[in-house]
Amino acid sequence: MTDNHIDQPESRVPARVIGTPSSNGPILSGDNRREAGAAFLADEDVHEVKGVPGVVYQDPASARRAERLVALLFTITFLAGAAFIAAYVAFQVGTIDKTAVSNYALGGTLSVALLSLASGITLWVRRIMPKYYLVQERHPMASDSATREYVKETFLEGANESGFVKHKLLRRTLLLAAAPLGLAPLVLLKDLGPLPGTSLRHTVWGAPTKDGKPRRLVVEGTGQPIRAADFNSPGGILSVVPEGYEEDLNALAKATLILLKFRPEEIKSGTNLNWTHDGIVAYSKICTHVGCPAALYEQTTHHILCPCHQSTFDAADGAKVIFGPAARPLPQLPIGIDGEGYLVAKSDFNVPVGPSFWERGDAEAEAREKKA
Amino acid sequence: MNTPPKAIADTSTFLDDRLGAGRFLKRNLRKVFPDHWSFLLGEIALYSFIILLLTGTFLTLWFKPSMGEVTYSGSYQPLVGVRMSEAYASALNISFDVRGGLLIRQIHHWAALLFVAGMTVHMLRVFFTGAYRKPRELNWLIGVGLLTLALLEGLTGYSLPDDLLSGAGLRITEGVMMAIPIVGTYITFFLFGGEYPGHDVISRFFTIHILLIPGILLALISAHMILMWVQKHTQMPGTGRAETNVVGAPFYPAFMAKAGAFFLFTFAVIALLGTFAQINPIWLFGPYTPADISAGSQPDFYMGFLEGALRLMPSWEINFWGHTVALSVLIPALVPMGIIMTGLALYPFAEQWITGDRREHHIADRPRNNPHRTAIGISGIAFYGILWLLGANDEISANFKVSLYSTTIFGRFAIFIGPAIAYLIAYRICIGLQRKDAEVLSHGVESGVIKRMPNGEYIEVHTPAAQDIADHMRGKELIPVIESGVDGEGIPPKSARTALGRLRAKMSEAYGTDRVPFDGDGHAHDAGHHEEEHAAVGSGGDHKQLH
């Protein structure tokens, strides 16, 4: 099984001398088949064999007709190329419409130029160049046994001469020397970022504002604080961000909320009522699967759906998972109102928001224990 | 005969005088390249890569890989005054303030899709025809590496414009990285320079996308080409073709010109797509914010199977000793990709182990002639295809009015049943096609001539198949089976005595046994086909060639 030699036919020499006429007659009718000269097939491996037509020249009259067609196609390429340059100068960009016109003009001329050039060359190959049915010998990849033997011996000899085999200490210390150098590039990468620490467990909701008051919930986009009394139609939903961090993407990636208003009788046991205010519930908008914003809400069923992988949460029942790949409910944020009646965060989430990670553990169970 | 211009006549002398290129050129100018439509698939990928390098370089001249915040003040009115990253603003500028910028951006994106698609079908061609067999295993491994890198390259490029859609992809990437046990959070913090999204990831992805991966791709593609050149291309079986030769057209001038034309065709098709088929209209999505997403967010097609896997997965998660393993993320993110890429990489070696075949192969198999390999490949396609389809289950649900959850539940079963069914069907089809070949070889093809026999029986005259077709069919090569039978004294060979050895022998027998052997005349030994004796091969004069 170690024999990787191909069975070669007895004779690998060509059936006839290169440059002499082929013994089998031309397969195609007509006299459009000229002999391949010696210069043509200089490589002794390339030749014609029986049953394969070899080099078949095109009929000169047909080739001349094809030449005119090819010339026409090349001229079209020239014109289209010139039109491309003209279009670049003529059509400016800026508005949607102007950009569209420029795009069509540039792209259209470029496509026509490329297409006709490609067609021209194809016609050239097919109608003007000869048809080739050449045969080239293939040799096994392996070198002949003498060469292999020589290389193997040389390799061993070199290894012995270098002393790499004999001098153990040399070999071992060289490996030892290489180890830290190999690690160095990895070590250098350490400053790519800080260590995670506990940062994944906190959001900005837990940090009080500069003047020490609880942080207000504000509407995403407008930045308006939300007066609980105004958010009063059951079935209502708002996308909410923390006051003071409206434009901070790092904060938003963890702290964005969906705010929902329920009739009191709609809320089920999974929702922590102490963390709601007058039927208003706030959940993390960051999906617990891989972190997409769970942005779709179906009013009649109270289902929150993440559009990425379709994890579905029951908003009336503590956002527990009803379907899909998410393993945990969306964390609920404890909310209340401040002196002016605006909704505020009473504290941070009691569990990490967003996707699972190695150090997370069963934070929900820990939180329950702490409470008990 | 016209005398050729001096520039043509003297080129080779010029090169030989300076480089001694004569010997190389003598061997290689007339290098013979075999012809088959399926050999063009890899070229699509190669040419797409060249277009990607050209258009990508153009885009870098204007793109600013920065997450610094700016207020947009460019030509696109609806977003004027909106705060966004510099990356997104510069991508908008390329689209609306640089002439041809939108065209090149769209060509770049389409070329990327065609690059991965071209590689994929090329790889399928190589797989189904067994062109990965010895001596081409190394080139096959390079190919697997190229495909993996291309996916990474696509992922990093997709994230660069920093619009809402690309950000959604980035967020999913982050979620998946976080789920990696032990090191996940660290890797995430290092990649993003802290918490997601941070201020570094665009510039880091930019370097990876335009320097690191393209550099490796370029090196590997060159190696791929050199190995192909050195080992010579495989050829399909046919008249005059043998394991010891290549039949086809010489590199210079025919193959060179054909390849050049094909490059231009590829470029033209991509240019047409870039002109008329809008792709990734980033201005409609708006700047990225982790707080928002649009429904129907879809990745590029080559990420669809991972997306589908994520959607299919039930919500499994393990918590122990204060640690979490998010199986609902890890399994879909790693297992399908792992099965496909590892399976592809190991297949040539697994096949060698099963068949014990260590010979060189230069004649490609027709897929039907290795039914188990073909069935395994089709089964893999079914596996990939189901995941891919389920990656768009929200679109399927919306367009065909089926419940979203039913599509997911269907997928959870289909992912196991589908590949098995595909395997059986593909296997049966291969055997059926082999029978058809055997029939054509032994009985010829129907000539359309009806004859009345002296005894009153009517028969249709069959004529022998045309030479080239018959040669193509006779190119079927038997798959070796390892020696496993007991010898005269009832003792199995040493290799077949262990449990693994027995398994190997069994697999080898199943894999290699020829179910439809041809004999010398191409007669099928298949039972149940001999009653067709009367459909005899007709005499000369009625010859009709099957084409």
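Chain naming here is simple, since letters A, B, ... match the order of the sequence lines and numbering starts at 1 in each. Keep in mind it's a predicted model, so treat the numbers as computed, not measured.
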Any idea which heavy atoms bring [X] and [Y] closest together, and the distance?
X        : Y        : answer
B:Asp292 : A:Pro293 : O-CG, 3.5 Å
B:Asp97  : A:Val93  : C-CG2, 3.8 Å
B:Ser95  : A:Thr99  : O-CG2, 3.3 Å
B:Ala271 : A:Leu114 : CB-CD1, 4.2 Å
B:Pro253 : A:Met129 : CG-SD, 3.9 Å
A:Trp358 : B:Ile180 : CB-O, 4.3 Å

Go through [options] and name the one with the most non-hydrogen pairs under 4.5 angstrom from chain B.
options                                : value
A:Lys98, A:Glu366, A:His289            : A:His289
A:Pro196, A:Ala327, A:Gly291           : A:Pro196
A:Asp191, A:Leu200, A:Val321, A:Val241 : A:Leu200
A:Ala365, A:Gly354, A:Ala118           : A:Ala118
A:Cys306, A:Cys292, A:Ser239, A:Cys308 : A:Cys308
A:Ala113, A:Pro355, A:Gly120, A:Ser199 : A:Ser199

Contacting moiety of B:Val98, where chain A heavy atoms sit under 4.5 Å | backbone
When the 4.5 angstrom heavy-atom criterion is applied to B:Trp283 and chain A, the contacting part is side chain
Donor-acceptor pair, side chain of [X] and main chain of [Y], under 3.5 angstrom:
X        : Y        : value
A:Asn250 : B:Gly198 : yes
B:Ser328 : A:Pro325 : yes
B:Arg241 : A:Val135 : no
B:Thr324 : A:Gly361 : yes
B:Lys258 : A:Thr122 : no

Are the side chains of B:Ile107 and A:Leu110 in touch, meaning some heavy atoms are under 4.5 Å apart?
-> yes
Decide if atom CH2 of B:Trp353 counts as having more than 12 heavy atoms of other residues, nucleotides or ligands within a radius under 6.0 Å.
-> yes
B:His199, NE2: over 12 other non-hydrogen atoms inside 6.0 angstrom | no
Name the option with the most non-hydrogen atom pairs under 4.5 Å to chain A; the candidates are [options].
options                               : answer
B:Leu264, B:Val329, B:Thr266          : B:Leu264
B:Gly184, B:Ala254, B:Ala168          : B:Ala254
B:Gly248, B:Gly74, B:Pro299, B:Gly101 : B:Gly248
B:Ala249, B:Gly322, B:Ala326          : B:Gly322
B:Ala257, B:Pro34, B:Gly100           : B:Ala257
B:Gly175, B:Pro290, B:Pro332          : B:Pro290

Proximity breakdown for [X] and chain B, heavy-atom pairs closer than 4.5 Å:
X        : value
A:Glu220 : side chain
A:Ala253 : both
A:Leu257 : neither
A:Ser119 : both
A:Met141 : both
A:Lys131 : neither
A:Ser111 : both
A:Arg328 : side chain

Report the distance from atom [atom1] of [X] to atom [atom2] of [Y], rounding to the nearest 0.5 Å.
X        : Y        : atom1 : atom2 : result
B:Arg99  : A:Ser102 : CZ    : OG    : 8.0 Å
B:Arg83  : A:Leu249 : CZ    : CG    : 9.5 Å
A:Leu252 : B:Thr289 : CG    : OG1   : 5.0 Å
A:Gln136 : B:Lys31  : CD    : NZ    : 5.5 Å
B:Tyr405 : A:Gln310 : OH    : CD    : 8.0 Å
A:Leu106 : B:Thr275 : CG    : OG1   : 8.5 Å

Answer with yes or no whether the side chains of [Y] and [X] bring together a donor and an acceptor at under 3.5 Å.
X        : Y        : value
B:Arg311 : A:His309 : no
A:Ser356 : B:Glu317 : yes
B:Gln77  : A:Thr95  : no

Could you tell me whether B:Phe276 and A:Tyr104 have their ring centroids closer than 6.0 angstrom?
-> yes
NZ/NE/NH1/NH2 to OD/OE distance under 4.0 Å, B:Glu360 and A:Arg138 | no
